[in-house]
Visitor: 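Got a structure for you, written out below as structure tokens; questions coming shortly.
FYI, side chains are in, hydrogens and waters are out, and symmetry mates aren't considered; it's all heavy atoms of this structure.
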Amino acid sequence: MTHLLHLDASARTRSVSRALGARFASRWRSIHPDAGYTYRDLAAHPVPLISEGWTEICDELLRRGITEPARYPEVVHGPARRAAWAVCAPLLDELLAAHTVLIATPMYNFGVPASVKAWIDQVTFPRMSLAGTRFVVLAARGGTYLPGTPRAEVEHQESYLRHFFAGHFGVTDAAFIAAELTNSLVDPTLDSRKAEHQRSYAHALAQIDQLDEAHRLDHTERPETAIAGRADR
């Protein structure tokens, strides 16, 4: 069964990135009415930071050359590793079960929120591959960071995630859609740019609809990835 993992990361309960994510998820679920759906709010329920036990698991996987997630529990022994695994195993299971991963995220201080980075750290292990998994990132940005704009060089939201997905997961075709200039809604100095934001937001919604439409007939399921499971306690 095809499955969507939907992650929200905005500290605001009513935000542009949440609205974009809800738009995509609603349309995706209408296209795949019998599919699985998992929702996780990384802002409301933050993922803990990685611990030394997590680093020990990674080191042991490297030493033993283990890359298959189904074999990760083989290296989980001792109190520190078991405590770390109790945190990351459910998150990893959600990721491995997903055919589409939706990340709805704001830009904070030129990059992704700490909550997104914490989730990434918990679910990423040496030389793992998620090739075949579809990643969709829906972003909101207070200013504009498009190519050719003055702040383009400090855009570390899409650029970071794009490089990360390719370098760690083997995913090179992630989709990115962003709504720019959201600060114009609250910052008087950007009042003259509200129309730009409104156009950017409308364009983002249109892109989301086109993205879903392009996958309307895509019911092909990739081979199931072995779920990590839990180590014996």
Visitor: Indicate, with yes or no, if Leu130 and Val116 share a hydrophobic cluster defined by side-chain heavy-atom contacts under 4.5 Å among Ile, Leu, Val, Met, Phe, Trp and Tyr.
Guide: yes
Visitor: Do Met128 and Phe169 have side chains that approach each other closer than 4.5 Å (heavy atoms only, starting at C-beta)?
Guide: yes
Visitor: Would you please test Asp34 and Arg29 for salt bridge (charged side-chain N to carboxylate O under 4.0 Å, His left out) and show each step?
Guide: CA-CA 8 Å; Asp34 299 321; Arg29 296 179 76 183; over 6 Å; no
Visitor: Using a 4.5 Å cut-off on heavy atoms from C-beta on, say whether the side chain of Asp8 contacts that of Leu42.
Guide: no
Visitor: Side chains of Phe24 and Leu4: does their closest heavy-atom pair fall under 4.5 Å?
Guide: yes
Visitor: Any idea which heavy atoms bring Ser17 and Ala140 closest together, and the distance?
Guide: N-CB, 3.8 Å
Visitor: Quick one: which residue pairs count as a salt bridge (charged side-chain N to carboxylate O under 4.0 Å, His left out) with a foot in residues 179-190, not counting sequence neighbours?
Guide: Arg141-Glu180
Visitor: Decide, yes or no, whether a salt bridge links Arg162 with Asp173 under the criterion of side-chain N to carboxylate O below 4.0 Å.
Guide: no
Visitor: Any non-hydrogen side-chain atom of Arg151 less than 4.5 Å from a side-chain atom of Glu155?
Guide: no
Visitor: Would Val75 and Ile50 show up in the same hydrophobic cluster when neighbours are defined by side-chain heavy atoms closer than 4.5 Å?
Guide: yes
Visitor: Give a yes or no on this: more than 12 heavy atoms of other residues, nucleotides or ligands lie within 6.0 Å of atom CD of Glu68.
Guide: yes
Visitor: Could you state whether Met107 and Ile103 fall into the same hydrophobic cluster, counting links through intermediate Ile, Leu, Val, Met, Phe, Trp or Tyr residues with side-chain heavy atoms under 4.5 angstrom apart?
Guide: no
Visitor: Roughly how far, to the nearest 0.5 Å, is OG1 of Thr172 from CZ of Phe165?
Guide: 12.0 Å
Visitor: To the nearest 0.5 angstrom, please state how far the OG1 atom of Thr100 sits from the CZ atom of Arg134.
Guide: 5.0 Å
Visitor: Will you find, in the side chains of His3 and Thr38, an N or O donor that is under 3.5 Å from an N or O acceptor?
Guide: yes
Visitor: Indicate yes or no: at least one non-hydrogen side-chain atom of Val136 is less than 4.5 angstrom from one of Val101.
Guide: no
Visitor: For Glu196, give me all partners under salt bridge (Lys or Arg N to Asp or Glu O under 4.0 Å), at least two apart in sequence or on another chain.
Guide: Arg193
Visitor: Angle between ring planes, Trp28 versus His32, binned at 30° and 60°: parallel, tilted or perpendicular?
Guide: tilted
Visitor: Enter the distance from Gln207:CD to Arg23:CZ here, rounded to the nearest 0.5 Å.
Guide: 12.0 Å
Visitor: Is there a path of hydrophobic side-chain contacts, each under 4.5 Å between heavy atoms of I/L/V/M/F/W/Y residues, joining Phe176 to Ile120?
Guide: yes
Visitor: Classify the angle between the aromatic ring planes of Tyr72 and Phe125 as parallel (below 30°), tilted (30 to 60°) or perpendicular (above 60°).
Guide: tilted
Visitor: Between Tyr160 and His156, is the gap from one ring center to the other below 6.0 Å?
Guide: no
Visitor: Tell me whether Tyr39 shares a hydrophobic cluster with Leu138, the cluster being built from Ile, Leu, Val, Met, Phe, Trp, Tyr side chains joined at under 4.5 Å.
Guide: yes
Visitor: What distance do Leu211 atom CG and Ile208 atom CD1 have between them, rounded to the nearest 0.5 Å?
Guide: 8.0 Å
Visitor: Kindly give the heavy-atom pair with the smallest separation between Thr13 and Arg18, and that separation in Å.
Guide: O-CD, 3.3 Å
Visitor: Indicate yes or no: at least one non-hydrogen side-chain atom of Arg81 is less than 4.5 angstrom from one of His77.
Guide: yes
Visitor: To the closest 0.5 Å, what do you measure between NZ (Lys117) and CG (Leu161)?
Guide: 11.0 Å
Visitor: Near Leu185 CG, under 6.0 Å, is it more than 12 heavy atoms from other residues, nucleotides or ligands?
Guide: yes
Visitor: Would you check if Leu61 and Pro126 make a side-chain contact, meaning some heavy-atom pair closer than 4.5 Å?
Guide: yes
Visitor: Tell me, do Leu20 and Leu205 make a side-chain contact under 4.5 Å, heavy atoms counted?
Guide: yes
Visitor: Locate the shortest heavy-atom distance separating Gly170 from Ala131; write the atom from each residue and the value.
Guide: O-CB, 3.9 Å
Visitor: To the nearest 0.5 Å, what is the distance between OH (Tyr108) and CD (Gln157)?
Guide: 10.5 Å
